[in-house]
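What follows is a set of notes on a single structure, which appears directly below.
Quick note: residue numbers are just sequence positions, from 1.
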Amino acid sequence: MFDSVRDDLRATLDEIRAAGLHKPERVIGTPQSATVEVTAGGRPGEVLNFCANNYLGLADHPEVITAAHAALDRWGYGMASVRFICGTQEVHKELEARLSAFLGQEDTILYSSCFDANGGVFETLLGEQDAVISDALNHASIIDGIRLSKARRFRYANRDLADLERQLKEATEGGARRKLVVTDGVFSMDGYVAPLREICDLADRYDAMVMVDDSHAVGFVGPGGRGTPELHGVMDRVDIVTGTLGKALGGASGGYVAARAEIVALLRQRSRPYLFSNTLAPVIAAASLKVLDLLESAGDLREKLKENTALFRRRMTEEGFDILPGDHPIAPVMIGDAAKAGRMAELLLERGVYVIGFSYPVVPQGQARIRVQLSAAHSTDDVHRAVDAFVAARAELDV
């Protein structure tokens with residue numbers, strides 16, 4: 001049976017390569033940092049890393065590593081269980097309480113990833129009598145989570161408040177019992193920030209709840225790094241915040257839902273990814289507590305990240321690159337053609353800059369790009385070297 005399937009799969013893989021959409025996996029032989037060593041999948045050697053979600057440079061921070069070592073001795077390696085059986089330790093409850101306090105929410109529930117967190121919300125909270133109104137460019141985990149629920153589905157154009165109001169009005173007139181507006185806080189392919197204050201205003205007008213996936217914001221967006229709700233002054237108006245421990249908060253893995261107490265209580269009883277997945281490893285929970293300690297005095301890191309972001313965006317604009325506007329450290333350099341984006345990434349790697357070309361289905365057809373991500377760990381010289389490499393690669397590729 002598989003012989004015929006194998007032929008079909010090989011044909012599909014050949015089509016992906018021919019279209020320039022193949023996504024090779026490079027291998028690094030060092031800890032995640034501003035500089036890494038590539039050992040396979042590209043030019044071997046040390047390169048500048050401009051494609052990680054390591055926004056604050058905490059992935060290899062010595063205090064985080066020390067906390068992880070201590071946690072292995074104190075709590076062991078893995079839980080070998082789910083939370084409600086024998087998979088809950090004091091360190092998990094402490095992390096949930098700390099996240100709740102940091103994000104200004106009543107309670108928090110941990111998941112093995114933010115993908116699972118988003119996958120566990122909608123089916124638990126919404127039924128066929130309800131409606132979910134989702135931004136068109138929301139993360140794939142939100143899209144998949146919505147598909148698991150029986151709620152009516154409405155979609156509004158990216159950050160389009162007039163369209164959002166139209167969808168809310170239609171859901172209301174359709175008799176929806178519960179309405180949930182869901183948006184990314186920061187859209188991961190564009191670096192655009194959701195207009196949360198206006199979204200909350202519309203939600204209040206139409207008696208809807210608001211959910212924000214703030215994975216690309218918590219830790220460094222907002223005066224205290226509490227994300228887009230803090231940035232827009234609506235921390236008390238957002239009902240559900242989902243996020244990850246795998247980006248600015250140390251870069252390991254794990255996710256969470258921080259929300260109203262009753263929402264979290266129901267998720268603990270009914271959310272399938274929570275009930276049927278092993279508990280977050282205690283070493284990650286303990287190291288994440290150290291990250292939260294560091295965030296209390298991370299103003300210098302957030303400022304350095306802002307400086308690096310502004311410098312890169314300014315220089316790339318001066319050099320004539322098509323870079324999407326904004327001030328987020330996600331800085332998409334638009335190429336258009338998928339094959340050219342992939343080739344430019346290869347040329348940049350040859351010049352010592354590690355970036356990735358993004359193409360369909362990660363982004364829409366014809367909108368291929370190189371998504372550059374700045375970090376507080378980058379030096380000013382690192383940023384200048386990256387821009388110079390872009391200029392040289394563009395000249396060779398003739399785009």
Side-chain angles (χ1 to χ4, degrees), residues 20 23-57 59-60 188-191 216 220 251 300-359 362-363 367-399:
K23 300 166 184 62
E25 294 185 356
R26 296 167 183 160
V27 180
I28 62 176
T30 56
Q32 186 68 273
S33 189
T35 302
V36 295
E37 182 180 348
V38 175
T39 61
R43 187 203 74 169
E46 189 175 88
V47 294
L48 292 172
N49 185 359
F50 276 86
C51 60
N53 297 311
N54 190 23
Y55 293 112
L56 294 176
D60 64 341
S188 60
M189 288 298 113
D190 300 320
H216 286 277
F220 61 96
D300 57 335
L301 293 178
R302 290 191 283 270
E303 187 59 34
K304 179 60 176 174
L305 179 58
K306 290 179 183 179
E307 292 174 0
N308 286 344
T309 299
L311 174 60
F312 180 82
R313 286 178 169 274
R314 176 178 60 79
R315 277 217 57 203
M316 289 291 283
T317 300
E318 291 171 351
E319 294 291 350
F321 285 92
D322 181 9
I323 184 168
L324 294 184
D327 56 9
H328 192 275
I330 292 174
V333 182
M334 304 304 291
I335 307 299
D337 180 77
K340 288 183 177 180
R343 178 58 181 151
M344 178 169 274
E346 292 173 358
L347 293 173
L348 284 162
L349 187 62
E350 292 174 6
R351 288 161 174 77
V353 176
Y354 185 179
V355 290
I356 294 295
F358 285 79
S359 55
V362 181
V363 297
Q367 296 185 29
R369 68 199 66 185
I370 292 175
R371 185 183 70 172
V372 176
Q373 290 173 273
L374 285 301
S375 170
H378 291 133
S379 69
T380 299
D381 183 59
D382 291 340
V383 177
H384 284 298
R385 286 173 58 194
V387 176
D388 292 344
F390 264 96
V391 172
R394 179 180 60 186
E396 181 172 342
L397 190 59
D398 191 26
V399 295

When you compare the side chain of [Y] with that of [X], does any pair of heavy atoms fall below 4.5 Å?
| X | Y | value |
| --- | --- | --- |
| Phe358 | Ile370 | no |
| Glu46 | Thr30 | no |
| Arg385 | Asp388 | no |
| Phe50 | Leu348 | no |
| Asp60 | Gln32 | no |
| Val47 | Asn49 | no |
| His384 | Leu311 | yes |

Indicate the atoms forming the closest heavy-atom contact of [X] with [Y], along with that distance.
| X | Y | answer |
| --- | --- | --- |
| Arg369 | Met189 | NH1-O, 2.7 Å |
| Ala386 | Val353 | CA-CG2, 3.9 Å |
| Ala368 | Ser359 | CB-CB, 4.2 Å |
| Leu305 | Leu374 | CD1-O, 3.5 Å |
| Leu349 | Val38 | CD1-CG2, 4.3 Å |

Please tabulate, for the side chains in residues 319-331, all donor-acceptor contacts under 3.5 angstrom to protein atoms that are two or more places apart in sequence or on a different chain.
{"unit_1": "Glu319", "atom_1": "OE2", "unit_2": "Arg315", "atom_2": "NH2", "d": "3.3"}
{"unit_1": "His328", "atom_1": "ND1", "unit_2": "Ile330", "atom_2": "N", "d": "2.9"}
{"unit_1": "His328", "atom_1": "NE2", "unit_2": "His216", "atom_2": "O", "d": "2.8"}

### Query
Residues in side chain to side chain donor-acceptor pair (under 3.5 Å) with Glu346, at least two apart?
Arg343

### Query
When rounded to the nearest 0.5 angstrom, what is the spacing between CZ in Arg351 and CG in Leu48?
14.0 Å

